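This report concerns only the one structure given below.
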Amino acid sequence: MKEILKNIQAKITEVQTVKYVDEDWGQLNLFPGDLPVQFPCVLFDIKDGQFENIGADRRATPKERQLGRFSLELCIAKMKLSNTSGKAPLSQKNNAWEIQDIIQMVHEKLQGFSAGENCSKLIRKSYQRIRRDDGIQEYRVSYDFEVGNV
């Protein structure tokens, strides 16, 4: 799993406008006022996984082979300092909507990307806005993938 996560991190890092890409260990929730990230950021981790047995291979270790189905969750966040009001200056509006551009650029890198040997391609599954009261725009986007012969 470590190599898969490192490959996903490397792929997200290709998005030049993202300033911080790291494993999600709660950075946006544990440090009120002094967050250990730079914005915009993408935090990621495996949300959950299930396994099913697919048979045995006496030449492999472990001998009992499994198929793993996993859900990768991305937290894409940005400090929102401007508004999208209908009468706001165009430059402010464009800046306020920037997070949607970042979500799209990250999606274009990850959708269909295989993060490792024996991995299926990442396929987007869900998109959710997280309401916050601290000026941070946060979205959660999930991708599913499978890993065979594990």
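Quick caveat: nothing in here was measured; it's all calculated off a predicted structure.
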What distance do [X] atom [atom1] and [Y] atom [atom2] have between them, rounded to the nearest 0.5 Å?
X: Lys47; Y: Arg140; atom1: NZ; atom2: CZ; value: 9.0 Å
X: Lys80; Y: Trp97; atom1: NZ; atom2: CH2; value: 6.0 Å
X: Glu117; Y: Asn7; atom1: CD; atom2: CG; value: 11.0 Å
X: Ile102; Y: Gln16; atom1: CD1; atom2: CD; value: 12.5 Å
X: Ile4; Y: Ser114; atom1: CD1; atom2: OG; value: 8.5 Å
X: Asn29; Y: Leu35; atom1: CG; atom2: CG; value: 9.0 Å

Where [X] and [Y] come nearest, the two heavy atoms and their spacing:
X: Leu67; Y: Arg69; value: CD2-NH2, 3.4 Å
X: Ala77; Y: Ile136; value: CB-CG2, 3.9 Å
X: Ala115; Y: Cys119; value: N-CB, 4.2 Å
X: Lys11; Y: Lys109; value: CE-O, 3.4 Å
X: Gly135; Y: Met79; value: O-SD, 3.4 Å
X: Gln27; Y: Pro36; value: O-CD, 3.7 Å

| task | Scan side-chain atoms only and decide if Gln100 and Gln104 contain a donor-acceptor pair under the 3.5 Å cut-off. | result | no
Original post:
Would a hydrophobic clustering, with Ile, Leu, Val, Met, Phe, Trp and Tyr connected at side-chain separations under 4.5 Å, put Ile130 with Leu72?
Top reply: no
Practice problem: Say whether Met105 and Ile123 are linked into one hydrophobic cluster, either directly or through other cluster members, by side-chain heavy-atom distances under 4.5 angstrom. | Solution: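 Cluster IDs for Met105 and Ile123 differ.
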Return yes if some donor-acceptor pair links the side-chain N/O of [X] with the main-chain N/O of [Y] below 3.5 Å, else return no.
X: Gln111; Y: Arg124; answer: yes
X: Glu52; Y: Gln50; answer: no
X: Ser71; Y: Asp48; answer: no
X: Asn53; Y: Gly55; answer: no

Handout entry: Passing option when Leu43 is tested against Val21, Asp22, Leu74, Ile76 for side-chain contact (heavy atoms from CB on, under 4.5 Å)
Key =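 The option that passes is Asp22.
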Would a 4.5 Å heavy-atom cut-off, applied to side chains only, mark Arg132 and Leu28 as touching?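 In contact.
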Paired with Phe70, the ring pair (Phe, Tyr, Trp, His ring centres under 6.0 Å) test is passed by just one of Phe44, Tyr143, Phe51, namely Phe51
Does the pair Thr13 and Val42 meet the rule for a side chain to side chain contact (heavy atoms under 4.5 Å, CB included), with working shown? CA-CA 9 Å; Thr13 302; Val42 178; over 6 Å; no
